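Here is the structure we will look at.
For clarity, every value in this text was computed on a predicted model and none was experimentally measured. The chain is numbered in sequence order, starting from 1.
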Amino acid sequence: MRISTVTMFEQSTASMNRQQSDLMRVSQQIASGRRVVNPSDDPQAASRAIGVDQAMAATKQYEDSRISARNSLSQTESILNSVSDAVTSAKTLLIQASSDTLSNVDRQSIASELRGVYESMLGQANATDGNGRYLFGGYSDNAPPFVKSADGNVEYVGDNNAREQRVDSSRLMPVTENGIGIFKSVPSGAGYIAEAQPGNQGNVTFGGPQVTNVNAEGYGDSYRVVFTEDAAVNSGFSYQVQRFEDGAWLEDDADLVATGEYTGAGQPLAFGGLNITLQGTPVEGDEILLARAGSEQREPDLFRSMEAAIRVLETPAETDAEKAALRNTLNTSMRDLDNALDNVLTVRASAGARLNELDVIDAVGSNRMLNYTQTLSDLVDLDYAEAISEYSLRQVGLQAAQKAFVDIKGLSLFNYM
């Protein structure tokens with residue numbers, strides 16, 4: 001077979017180019033520290049590496065989301081701690097104001113201090129996060145959720161939702177609370193509250209109510225005790241216990257829960273698994289409401305309870321009726337504050353539990369990121385010992401190809417003539 005000079009030159013050049021290309025590829029691998037520099041180096045590994053890279057990016061995004069969620073929950077937990085302290089301070093002031101030894105001036109001084117607690121609590125209810133968003137307005141976080149109306153009452157203008165944030169692929173976590181859940185709610189186990197109606201003219205006061213039997217018929221319903229003048233009894237007054245059903249009070253004689261003479265001397269009344277003690281002299285039409293906290297007849301409102309306590313403390317109590325209104329309002333407000341404190345502590349515990357959950361998700365995310373990093377390293381990272389050995393081999397191969405080309409191109413028949 002005859003091999004032309006052109007063929008020898010082409011084959012030698014191709015061999016040198018191939019050896020040089022292989023040497024360059026190994027050089028790039030060593031310089032970059034990656035076995036797969038271009039997808040063509042290992043198409044399957046390159047394809048899997050893209051999927052792992054995307055998973056790592058998503059995991060990193062969830063990690064950043066958890067940082068934001070932790071900041072919001074930490075702020076929420078801190079504010080709820082301040083609110084619980086404020087409710088405790090208010091309850092202490094009301095206990096102090098309940099003493100019969102205080103004068104009207106003393107109670108007005110307590111009212112002034114209580115108003116300071118009230119304003120502080122209102123400020124905490126309208127707290128913002130570091131981005132200027134209101135924490136307790138739900139998704140309506142661009143304006144204060146609690147505003148004072150024209151009559152001085154505090155109204156909630158936020159929505160009923162809690163802002164949520166995805167902290168992991170399968171976990172959408174609430175990162176704030178709405179104002180209703182904090183300031184206008186009670187825990188599920190909240191009991192009954194008694195309240196003298198604002199139009200009462202007599203001086204009847206109450207103690208309780210106490211729950212005697214949660215399994216009694218009618219437990220959980222709302223009741224009201226209505227006083228009427230009755231010439232047929234010695235005391236001159238009788239009482240009716242009416243039950244609330246289907247949006248109305250049942251006032252017919254056949255529907256009354258209990259009736260009887262009202263003596264006014266620490267008289268206990270028992271019905272529906274409850275017991276309440278009444279004392280004092282009523283006026284025709286006076287009413288005492290007994291309703292489950294959080295029910296339709298006794299909707300919870302922390303600000304309303306504090307406003308009622310402040311008003312009654314600022315009003316001088318001179319007559320028996322005014323003193324009875326003072327005592328009844330303070331008793332009702334203290335029960336409201338007890339329920340409010342339990343509710344705030346429950347919400348705070350929920351926020352703390354979510355903070356703990358974030359720690360667990362963080363640990364899982366860190367382990368997942370380590371696994372992804374190891375998988376990606378196995379796919380594309382370079383074994384330096386193997387690469388350096390290959391580099392030396394390719395270098396020797398290139399030098400051999402170059403030496404062979406020099407020898408071949410020097411061959412000529414004229415050297416032997």
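Glu261 and Ser235 share a donor-acceptor pair across their side chains, judged by distance under 3.5 Å alone. Between the side chains of Arg133 and Asn142, no donor-acceptor pair of N or O atoms lies under 3.5 Å. Under the 3.5 Å distance criterion, with hydrogens and angles disregarded, a donor-acceptor pair is assigned to the side chains of Tyr118 and Glu307. If you check the side chains of Ser333 and Ser305, you find no donor sitting under 3.5 Å from an acceptor.
Taking OG1 from Thr329 and CD1 from Ile310, the interatomic distance works out to 12.5 Å, rounded to the nearest 0.5 Å. Here the CG-OG distance, from Leu114 to Ser89, works out to 10.0 Å after rounding to the nearest 0.5 Å. Taking CG of Leu313 as the reference point, atom CG of Leu94 lies at 6.5 Å (rounded to 0.5 Å). For the atom pair CZ (Arg292) and OG (Ser222), the distance works out to 9.5 Å, reported to the nearest 0.5 Å. With values rounded to the nearest 0.5 angstrom, Met306 atom CE is found 10.5 Å from Leu122 atom CG.
Residues Ala194 and Ile288 approach most closely at CB-CG2, 4.5 Å, considering heavy atoms. The minimum heavy-atom distance linking Ile79 with Ala127 is given by the pair CD1-CB, 3.2 Å. Counting all heavy atoms, side chain and backbone alike, Lys323 lies closest to Ala317 at CE-O, 3.9 Å. Considering all non-hydrogen atoms of both residues, Leu337 and Val87 come closest at O-CG1, 3.5 Å.
Here Tyr223 and Phe244 keep their ring centres 6.0 angstrom or further from each other.
In this structure a side-chain-to-backbone donor-acceptor pair under 3.5 Å is present from Thr332 to Asn328. Remark: side-chain polar atoms of Arg335 are paired, donor with acceptor, to backbone N or O of Pro209 under 3.5 angstrom. Checked by atom type and distance alone, the side chain of Ser84 pairs as donor or acceptor with a backbone atom of Asn81 at under 3.5 Å. A distance-only check finds a donor-acceptor pair linking the side chain of Asp286 to the backbone of Gly202 [under 3.5 Å].
Classification of Arg304 and Asp336 as a salt-bridged pair fails, no side-chain N sitting under 4.0 Å from a carboxylate O. Ion pairing of Glu63 with Arg368 is absent here, as no side-chain N (NZ or NE/NH1/NH2) approaches a carboxylate O to less than 4.0 Å. For the pair Asp255 and Arg243, the salt-bridge criterion is not met [side-chain N within less than 4.0 Å of a carboxylate O]. Contact check on Asp359 versus Arg66 returns no salt bridge, with no Lys/Arg side-chain nitrogen under 4.0 Å from an Asp/Glu carboxylate oxygen.
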Going through the distances and angles, do Tyr239 and Tyr262 end up as a ring-ring contact (aromatic ring centres under 6.0 Å, His included)?
CA-CA 6 Å; Tyr239 69 86; Tyr262 174 69; 7.2 Å; no
Evaluate side-chain hydrogen bond (donor to acceptor under 3.5 Å, both in side chains) for Asn104 paired with Glu318, printing each intermediate quantity in order.
CA-CA 9 Å; Asn104 290 327; Glu318 303 293 349; 2.8 Å; yes
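Looking only at side-chain heavy atoms (C-beta outward), Asn275 and Leu269 stay at 4.5 Å or farther from each other. Counting heavy atoms from C-beta outward, Ser366 and Met369 have side chains that stay 4.5 Å or more apart. With a 4.5 Å cut-off on side-chain heavy atoms, Glu284 and Glu229 count as touching. Proximity of Gln279 to Val204: side-chain heavy atoms (C-beta onward) are nowhere separated by under 4.5 Å. When side chains are defined from C-beta on, Leu278 counts as touching Ile276, because their heavy atoms get closer than 4.5 Å. At least one side-chain heavy atom of Leu102 sits less than 4.5 Å from a side-chain heavy atom of Ser99. In this structure, Tyr192 and Tyr219 have side chains that are in contact, with non-hydrogen atoms separated by less than 4.5 Å. With a 4.5 Å cut-off on side-chain heavy atoms, Phe271 and Glu217 do not count as touching.
Enclosure of atom CD in Glu119 by more than 12 non-hydrogen atoms of other residues, nucleotides or ligands within 6.0 angstrom is indicated.
If you run side-chain contact (heavy atoms from CB on, under 4.5 Å) between Leu358 and each of Val167, Asp168, Ile67, only Val167 comes through. Arg224 pairs in a side chain to side chain donor-acceptor pair (under 3.5 Å) with only one of the listed residues (Gln197, Gln240, Glu251, Glu195), which is Glu251. In summary, of the residues considered (Lys184, Arg163, Arg354), a salt bridge (charged side-chain N to carboxylate O under 4.0 Å, His left out) with Glu177 occurs for Arg354 alone.
For Phe237, there are no ring-ring contact (aromatic ring centres under 6.0 Å, His included) partners, not counting sequence neighbours.
Under the salt bridge (charged side-chain N to carboxylate O under 4.0 Å, His left out) criterion, the residue pairs touching residues 95-114 are Asp100-Arg327, with sequence neighbours excluded.
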